[in-house]
A.B. asks: 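Right, I'll just put the structure down here and ask away after.
Values in this document were obtained by computation on a predicted structure and should not be read as measured data. These numbers come from the heavy atoms of this one structure, side chains and all, not from hydrogens, waters or symmetry mates.
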Amino acid sequence: MATAFIPSKMKAFVYSENGNPADVLKLKTDIAVPELEEDQVLVKVVAAALNPIDFKKMLGLKTTVPTVPGFDVAGVVVKLGSKVENFKEGDEVFGFIDIQKSLQDPKVSGTLAEYTAIEEKLLAPKPKDLSFAEAAGLPLAIETAYEGLERIGLSTGESILVLGGAGGVGSLVIQLAKNAFGASKVAATSSTGKLDLLKKLGADLVIDYTKENYEDLPEKFDVAYDTVRESDRALKAVKEEGRVLTIIGTPTPPAIPFSVTSNGSILEKLIPHLESGEVKPVLDPKGPFPFSQTVEALSYLQTQRATGKVVIYPI
Ligand code: NDP
């Protein structure tokens, strides 16, 4: 195929000081297209998804020089670094930017831009039947869901309680626990209006946290997966030998903390589950938000009321 024309400047969202997205995030039209390292590909971003880490970082997780935020991406490979082996120009891919690298190196440019540079090992081929918007909503959340379930050792026939079942991560934990890990029973929490979604995703027991305390249920669970900083309460909801994993904050022992690692091979491993439709992306019904409304979309995600993933498309 013909080599894509790559401009030297691109549109991108940028912040130059820490603060709320609404105050500090600006759309610029003259940002340099990122240079490639030898193991990276340049991706023409078609869709990006937002994650709480985007606004947490912007609010001051790390003081930064001008930064393009954004981790999740789905797009098309337009240029290869000198040592790239597994992708070629024109490949449709999805993945997410290395979080640790981005926290340590302010030069790492994110995905809320027309182009992004990303290591080939962090990418996988976009599943065939998913749109770019659907694919963009998966990488960070599904890897967090999957790796977290592996870390806590959920095995076939065990029961699990998912705290925050309607969120970006929780909606995938429910589906993976049920369809990839063979959980015998999946319970999940949300507010009243989202209980039907939890059932559709495969939850056997749905708990309205505005009306019920899950730790008071007579039934106890083998595992709890906490996405809402409730490890104290989760410990009371598991069996005596039960395990609790939390992905937010410092949990109360013996609950264990977990942080995702960026890794395209996990996405590849999950492709069969995605192509068979056993595990589906959940996109927030208010979106996808066009690129020009990225600030509004981030402010919405900050409310902690989003359902599934907030996606930016088209870019
Ligand atoms: P979301 O913004 O997608 O979560 C929003 C959802 O959370 C809403 O649907 C809301 O449902 C639900 N929710 C909020 N409070 C509660 C509650 N008390 N009980 C049940 N549900 C609740 O966030 P993510 O899923 O993307 O991420 C969740 C957290 O995990 C974030 O803090 C994020 O930074 C962190 N994270 C950590 C990672 C790691 O590697 N450690 C990786 C990814 C995320 P409702 O409206 O019904 O309340």
A.B. asks: For Lys83, what residues pass the side-chain contact (heavy atoms from CB on, under 4.5 Å) criterion, not counting sequence neighbours?
C.D. replies: Glu38
A.B. asks: If we only count heavy atoms from C-beta on, is the Leu267 to Ile271 side-chain gap below 4.5 Å?
C.D. replies: no
A.B. asks: Spell out, yes or no, whether Leu27 and Val24 are grouped together once hydrophobic residues are joined by side-chain heavy atoms under 4.5 Å, including indirect joins.
C.D. replies: yes
A.B. asks: Distance check, rounded to the nearest 0.5 Å: Ser102 atom OG versus Asp54 atom CG?
C.D. replies: 9.0 Å
A.B. asks: Sequence neighbours left out, what pairs pass side-chain hydrogen bond (donor to acceptor under 3.5 Å, both in side chains) with at least one residue falling in residues 42-53?
C.D. replies: Asn51-Asp72, Asn51-Lys309
A.B. asks: Quick one: CD1 on Ile142 to CG on Leu172, what's the gap to the nearest 0.5 Å?
C.D. replies: 5.0 Å
A.B. asks: What's the shortest heavy-atom distance between Ile315 and Ala47, and which atoms?
C.D. replies: CD1-C, 4.2 Å
A.B. asks: Would you please say whether a donor-acceptor pair under 3.5 Å links the side chains of Asn263 and Ser265?
C.D. replies: yes
A.B. asks: For the OH atom on Tyr300, are there more than 12 heavy atoms of other groups (residues, nucleotides or ligands in this structure) within a distance under 6.0 Å?
C.D. replies: yes
A.B. asks: Tell me whether Ile6 shares a hydrophobic cluster with Val46, the cluster being built from Ile, Leu, Val, Met, Phe, Trp, Tyr side chains joined at under 4.5 Å.
C.D. replies: no
A.B. asks: Evaluate the side-chain proximity of Leu270 to Leu176: yes if any heavy-atom separation is below 4.5 Å, no if none is.
C.D. replies: yes
A.B. asks: Any donor and acceptor pair, going by atom type alone, linking the side chain of Asp222 with main-chain N or O of Ser159 inside 3.5 Å?
C.D. replies: yes
A.B. asks: Can you tell me how far apart OG (Ser262) and CD1 (Ile97) are? Round to the nearest 0.5 Å.
C.D. replies: 8.5 Å
A.B. asks: Mind jotting down which residue pairs meet the salt bridge (Lys or Arg N to Asp or Glu O under 4.0 Å) criterion with at least one end in residues 151-174? Sequence neighbours excluded, please.
C.D. replies: Glu158-Arg243
A.B. asks: Enumerate the ring-ring contact (aromatic ring centres under 6.0 Å, His included) contacts for residues 76-95, please, sequence neighbours excluded, ordered by first and then second residue.
C.D. replies: none
A.B. asks: Pairing donors with acceptors under 3.5 angstrom, does anything connect the side chains of Asp232 and Thr252?
C.D. replies: yes
A.B. asks: Are the side chain of Glu89 and the backbone N or O of Leu80 linked by a donor-acceptor pair below 3.5 Å?
C.D. replies: no
A.B. asks: Output yes when a side-chain donor or acceptor of Thr67 lies under 3.5 Å from a complementary backbone atom of Pro69, and no otherwise.
C.D. replies: no
A.B. asks: Enumerate the ring-ring contact (aromatic ring centres under 6.0 Å, His included) contacts for residues 187-212, please, sequence neighbours excluded, ordered by first and then second residue.
C.D. replies: none
A.B. asks: Side-chain atoms of residues 115-127: list all donor-acceptor pairs with protein atoms under 3.5 Å, sequence neighbours left out, distances to 0.1 Å.
C.D. replies:
from	atom 1	to	atom 2	distance (Å)
Thr116	OG1	Ser109	O	3.4
Thr116	OG1	Gly110	O	2.9
Glu119	OE2	Gln40	NE2	3.3
Glu119	OE2	Lys101	NZ	2.6
Glu120	OE1	Glu85	N	3.3
Glu120	OE1	Asn86	N	2.9
Glu120	OE2	Glu85	N	3.1
Lys126	NZ	Leu130	O	2.6

A.B. asks: By side-chain contact (heavy atoms from CB on, under 4.5 Å), which residues pair with Asp23, not counting sequence neighbours?
C.D. replies: Asn20
A.B. asks: Measuring only between side-chain heavy atoms, which start at C-beta, is Leu235 closer than 4.5 Å to Pro254?
C.D. replies: yes
A.B. asks: Consider only side-chain heavy atoms of I, L, V, M, F, W and Y, link residues closer than 4.5 Å, and tell whether Val14 and Phe55 are in one cluster.
C.D. replies: no
A.B. asks: Can you list every pair that meets salt bridge (Lys or Arg N to Asp or Glu O under 4.0 Å) and has a residue in residues 275-297, with sequence neighbours left out?
C.D. replies: Lys128-Glu275
A.B. asks: State yes or no: do Val33 and Val43 share one hydrophobic cluster built from I, L, V, M, F, W and Y residues joined by side-chain heavy-atom distances below 4.5 Å, directly or via other members?
C.D. replies: no
A.B. asks: Please write out which residues are connected to Leu161 in a hydrophobic cluster, directly or through intermediates, given that two of Ile, Leu, Val, Met, Phe, Trp, Tyr count as joined at side-chain heavy-atom separations below 4.5 angstrom.
C.D. replies: Leu163, Leu205, Ile207, Tyr214, Leu217, Phe221, Val228
A.B. asks: How far does CG of Leu149 sit from CG of Leu154, to the nearest 0.5 angstrom?
C.D. replies: 5.5 Å
A.B. asks: Test side chain to side chain contact (heavy atoms under 4.5 Å, CB included) on Val45 and Glu114; report intermediate values, then the result.
C.D. replies: CA-CA 5 Å; Val45 180; Glu114 289 180 292; over 6 Å; no
A.B. asks: Would you give the length of the straight line joining atom NZ of Lys9 to atom NZ of Lys28, rounded to the nearest 0.5 angstrom?
C.D. replies: 12.0 Å
A.B. asks: Give me each pair satisfying side-chain hydrogen bond (donor to acceptor under 3.5 Å, both in side chains) with a member in residues 174-187, each pair once, sequence neighbours excluded.
C.D. replies: Lys178-Asp204, Lys185-Glu219
A.B. asks: Show the numbers, then the answer: is there a side chain to side chain contact (heavy atoms under 4.5 Å, CB included) between Asp129 and Glu134?
C.D. replies: CA-CA 10 Å; Asp129 293 335; Glu134 288 171 323; over 6 Å; no
A.B. asks: Is the ring pair Phe13/Phe291 parallel, tilted or perpendicular, if the boundaries are 30 and 60 degrees?
C.D. replies: perpendicular
A.B. asks: I'd like to know if the side chain of Glu147 reaches the main chain of Val260, judged simply by a donor and an acceptor atom lying under 3.5 Å from each other, with no hydrogens or angles considered.
C.D. replies: no
A.B. asks: Specify the closest pair of heavy atoms between Ala145 and Tyr225, including all atoms of both residues, with the distance to one decimal.
C.D. replies: CA-OH, 3.5 Å
A.B. asks: Determine, step by step, whether Thr189 and Glu230 satisfy the side chain to side chain contact (heavy atoms under 4.5 Å, CB included) criterion, reporting the C-alpha distance in whole Å, the side-chain angles of both residues, the deciding distance to 0.1 Å, and the verdict.
C.D. replies: CA-CA 12 Å; Thr189 62; Glu230 290 181 358; 5.8 Å; no
A.B. asks: Would you say Leu245 and Ile247 make side-chain contact, with heavy atoms under 4.5 Å?
C.D. replies: yes
A.B. asks: Name all residues meeting the ring-ring contact (aromatic ring centres under 6.0 Å, His included) criterion together with Phe132; count only those two or more places apart in sequence or in a different chain, and write none if there are none.
C.D. replies: none
A.B. asks: For a quick test of reading the model, state the closest non-hydrogen atom pair linking Ala166 to Lys194 and the distance between them.
C.D. replies: CB-CD, 3.6 Å
A.B. asks: Any side-chain heavy-atom pair from Val244 and Ile256 closer than 4.5 angstrom?
C.D. replies: no
A.B. asks: Could you grab the distance from atom NZ of Lys11 to atom CG of Leu112, nearest 0.5 Å is fine?
C.D. replies: 14.0 Å
A.B. asks: Would you call Arg233 and Glu215 a salt bridge, taking side-chain N to carboxylate O under 4.0 Å as the test?
C.D. replies: yes
A.B. asks: Begin with the C-alpha distance, continue with both residues' side-chain angles, and end with the deciding distance and a verdict on side chain to side chain contact (heavy atoms under 4.5 Å, CB included) for Val311 and Phe289.
C.D. replies: CA-CA 6 Å; Val311 169; Phe289 290 79; over 6 Å; no
A.B. asks: I'd like to know if Ile174 and Leu140 are part of one continuous hydrophobic network [Ile/Leu/Val/Met/Phe/Trp/Tyr, side-chain heavy atoms within less than 4.5 Å].
C.D. replies: yes
A.B. asks: If you draw a 6.0 Å radius around NZ in Lys220, do more than 12 non-hydrogen atoms from other residues or ligands fall strictly inside?
C.D. replies: yes
A.B. asks: Could you check if a side-chain atom of Ser16 sits within less than 4.5 angstrom of a side-chain atom of Lys26, using non-hydrogen atoms only?
C.D. replies: no
A.B. asks: Do you know which two heavy atoms are closest between Gln302 and Pro21, and how far apart they sit?
C.D. replies: OE1-CD, 3.4 Å
A.B. asks: Find out whether Lys79 and Val41 are in side-chain contact, i.e. whether some heavy atom of one side chain is under 4.5 Å from a heavy atom of the other.
C.D. replies: no
A.B. asks: Only pairs at least two apart or in different chains count here, so list each ring-ring contact (aromatic ring centres under 6.0 Å, His included) that has a residue in residues 146-181.
C.D. replies: Tyr146-Phe181
A.B. asks: Where do Gly167 and Ser171 come nearest, in terms of heavy atoms and distance?
C.D. replies: O-OG, 2.8 Å
A.B. asks: Do Leu197 and Ser190 come within less than 4.5 Å of each other through their side chains, counting heavy atoms only?
C.D. replies: no
